Colleague: 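This is the structure I want to talk about, given as structure tokens.
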Number of protein chains: 2
Amino acid sequence: MATIKDVARKAGVGVGTVSRVLNGTGPVSPETRRAVLAAVEALGYMPSTTARAMVTKRTQTVGVLLPDIQNPFFPMVARGVEDACRQAGYTVILLSTDWDRERELSAAALLRRQGADGAVLVSVGDAAGVHAILGARGAPVVVVDRAAPGLAVSQLSVDHYRGEYEAVRWVRSRGHRRVGFLAGPAGVDSAELRLQAFLDAMEWDPADPGLPVARAGYGFEGGQRAAAELLDRFPDLTCLVAANDLSALGALSWLARQGRRVPDDIGVVGFDDILLASLVHPALTTVRQPAYAMGYRAAELLLQALKDPGRGPVQETLRPELVIRDSC
Amino acid sequence: MATIKDVARKAGVGVGTVSRVLNGTGPVSPETRRAVLAAVEALGYMPSTTARAMVTKRTQTVGVLLPDIQNPFFPMVARGVEDACRQAGYTVILLSTDWDRERELSAAALLRRQGADGAVLVSVGDAAGVHAILGARGAPVVVVDRAAPGLAVSQLSVDHYRGEYEAVRWVRSRGHRRVGFLAGPAGVDSAELRLQAFLDAMEWDPADPGLPVARAGYGFEGGQRAAAELLDRFPDLTCLVAANDLSALGALSWLARQGRRVPDDIGVVGFDDILLASLVHPALTTVRQPAYAMGYRAAELLLQALKDPGRGPVQETLRPELVIRDSC
DNA sequence: ATGAAAGCGCTAACAA
DNA sequence: TTGTTAGCGCTTTCAT
């Protein structure tokens, strides 16, 4: 591997000069520049990001912490982040936390060790812990798709409560009164918000022990299981509202297997609007979150914070959109 | 951020000693070790991977190049790689190439700049190019899920041809004679192999212009489109064989929309055995590729090559397994 | 406009 | 067993 020294020697200049032409910092005469560029070309020289990071204290990498790379929603967020970062010359380290708080923390520690300049976080619960770890290095964090109340980090999310509330009101307006809910993972902000919105929109008492609510946990299989459980306990449900699309899809699959027609026998509603939602049959009625755009915007926020660390954290809330299709 | 110097000062020892206790290289007296560890603890010291990389020439990171992070098969491979790497203390940089040869190459260049020690590659076509780029830095590459004929890199793949061949023979044994094929992306090794196997198993002439074959390209939507096209041109098909599960799922969804019963009216067969395949209704008959295990094994091969660069590339071929479910 | 030199935080070789 | 020191490849003053 050629180094900057080799280039300098070949071009007959000092290393400082090479650095200057490569980074466009400081004045260089046209002929010198040409000579340097020629040497770079001839040697196939590529500056070492490691050495550069050593002196600049910047690695030009940002981390993305996601709960579950198997749920299409998250990769979509990741792509948004990656596209924005790549454009700005940043590399992305993608880490999956598997819905595990421990792993979320150890992933943050890994990012810190790797010298990540910042991180985009879809937290599974301990946003504060992540912020503490990365903040020690002065690395900004932006939390996406969740609220991180009281944390001095930028936040970007849809209004989960409002999205679910509107969806459920719409379900009710269709005449449904016996509606079951497939809840997301306990302790996860978005999941709790959607559950609360469901309860409120149904005007049900959260303390009531006989509520048609089952934990599905955002997964396809969880959706299948929870649908089975719910319809076993409440056979007369006319609609199932799932906390996200993947579990709604699970419910759909279980219903199909049981020979129950959707939406004629029973309605199903999701949340997220992942690609599959519009493609399955019947197409899923759901609440749209702009995953890619959110990832992209989150990265922009992060890059901004990196560029001028002075500005305080911002907080953006997007309005989710009810997408009415065929499943309810 | 505390540095090794701070630790040394606080512990009243030289930096060399600190390095020795942290890396377990060279002898240290128990008391010194204790003092150093205490200082590390007190200062919350974390060694800079950057500085370390600077001298060791190893970044302890490996890249994973995947065609499409939206297809569940690839994230599953990625998880296998990540788990194996994390265990060995390596960080993974996950890059999506979007079925684009250009991006595959630029991703490789990025890995090289980042100083990745090696890479796991699910190539979209230019494995040789990637190898050339990374090889210049002495970074080994292992190609997964594809053959890279003539390339001096380790390779790990299922026998796509055999898997598809057996699947199609089984389809025929069920009495199907008019069978359509939803082909994968052109120029991609696994896709070409499966197509060839299909043709051979059907004992059809590849040159025949009237073959019931349509490009679906490994995506869900492609599967829907190709199924529609195929059944439009060949209404009497009794079975659809898709080059992968995602496109098979697309076909399934289109068929459901058309009110065609699977498998009664028409059979569907996939390839991959992604999680969804067993969960949809009807459950998909498919050819299983052990995605996670392949990723894990590929990482092992890579780590091995990193540990002792002397050994030449190895080549492992797994036997795919026909999984008979309900769709055919 | 350009070269020389200091130093980023660490490891490894060498002395002691 | 331990401290000191020379770089790793780069950016960034500081002279010139």
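Quick note on labels: first sequence line is chain A, next is B, and so on, each numbered from 1. The structure displayed is predicted, hence computed values, not measured ones.
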Colleague: Would you please test B:Glu82 and B:Arg79 for salt bridge (Lys or Arg N to Asp or Glu O under 4.0 Å) and show each step?
Modeller: CA-CA 5 Å; B:Glu82 202 199 319; B:Arg79 293 192 50 160; over 6 Å; no
Colleague: Could you please name the option among C:dC10, C:dG7, C:dT2 that lies closest to any side-chain atom of B:Tyr45?
Modeller: C:dC10
Colleague: Can you check whether A:Thr50 has a side-chain N or O nearer than 4.0 Å to OP1 or OP2 of D:dC8?
Modeller: no
Colleague: If you assign B:Pro30 and A:Val55 each to the DNA chain D nucleotide with the nearest heavy atom, which residue ends up on the more 5' nucleotide?
Modeller: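 It is B:Pro30 whose nearest nucleotide is closer to the 5' end.
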Colleague: How is A:Ser48 classified with respect to the nucleic acid when contacts are heavy atoms under 4.0 Å: base, sugar-phosphate, or nothing?
Modeller: sugar-phosphate
Colleague: In a check of side-chain hydrogen bond (donor to acceptor under 3.5 Å, both in side chains) between A:Gln114 and each of B:Thr61, B:Thr50, B:Thr91, which one passes?
Modeller: B:Thr91
Colleague: Between P on C:dG9 and CZ on A:Arg113, what's the gap in Å once rounded to a whole number?
Modeller: 19 Å
Colleague: At under 4.0 Å between heavy atoms, what does B:Val15 touch on the DNA or RNA strands: base, sugar-phosphate, or nothing?
Modeller: base
Colleague: With sugar-phosphate meaning primed atoms plus P, OP1 and OP2, does B:Gly12 contact a base, only sugar-phosphate, or nothing at under 4.0 Å between heavy atoms?
Modeller: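 Sugar-phosphate, no base atom in range.
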Colleague: Please state how far atom NZ in A:Lys5 lies from atom P in C:dA4, giving the value in whole angstrom units.
Modeller: 12 Å
Colleague: Does D:dC10 have OP1 or OP2 under 4.0 Å away from a side-chain N or O of A:Ser19?
Modeller: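 For A:Ser19, the contact criterion (side-chain N or O under 4.0 Å from OP1 or OP2 of D:dC10) is not met.
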Colleague: Would you mind telling me which of D:dG9, C:dG3, D:dT11 lies closest to the side-chain atoms of A:Thr56?
Modeller: D:dT11
Colleague: Check every strand shown and say whether B:Thr32 touches a base, only sugar-phosphate, or nothing at a heavy-atom separation below 4.0 Å.
Modeller: sugar-phosphate
Colleague: What's the closest nucleotide to the side chain of B:Arg20 if the choices are C:dA13, C:dA1, C:dC10?
Modeller: C:dA13
Colleague: Check the distance between C:dC8's C1' and A:Met54's CE and give it to me in whole angstrom.
Modeller: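 Taking atom C1' of C:dC8 as the reference, CE of A:Met54 is at 4 Å.
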Colleague: Of the candidate nucleotides C:dG9, D:dC10, D:dT11, which contains the atom at the shortest distance from the side chain of B:Thr3?
Modeller: C:dG9
Colleague: For B:Ile4 and for A:Gly16, locate the closest nucleotide of DNA chain C by heavy-atom distance; then report the residue assigned to the nucleotide nearer the 5' terminus.
Modeller: A:Gly16
Colleague: Identify, with sequence neighbours excluded, every residue that meets side-chain contact (heavy atoms from CB on, under 4.5 Å) alongside A:Ala136.
Modeller: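 side-chain contact (heavy atoms from CB on, under 4.5 Å) list for A:Ala136, sorted by chain: A:Arg112.
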Colleague: So if I take every side-chain heavy atom of B:Pro27 and compare against C:dG9, D:dT1, D:dT12, which nucleotide ends up nearest?
Modeller: D:dT1
Colleague: Strictly below 4.0 Å: does B:Lys57 bring a side-chain N or O up to OP1 or OP2 of D:dG9?
Modeller: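 Result: yes.
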Colleague: Can you label the angle between the A:Tyr218 ring and the A:Trp99 ring as parallel, tilted or perpendicular, going by 30° and 60°?
Modeller: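 The arrangement is tilted - the two ring planes meet at 30° to 60°.
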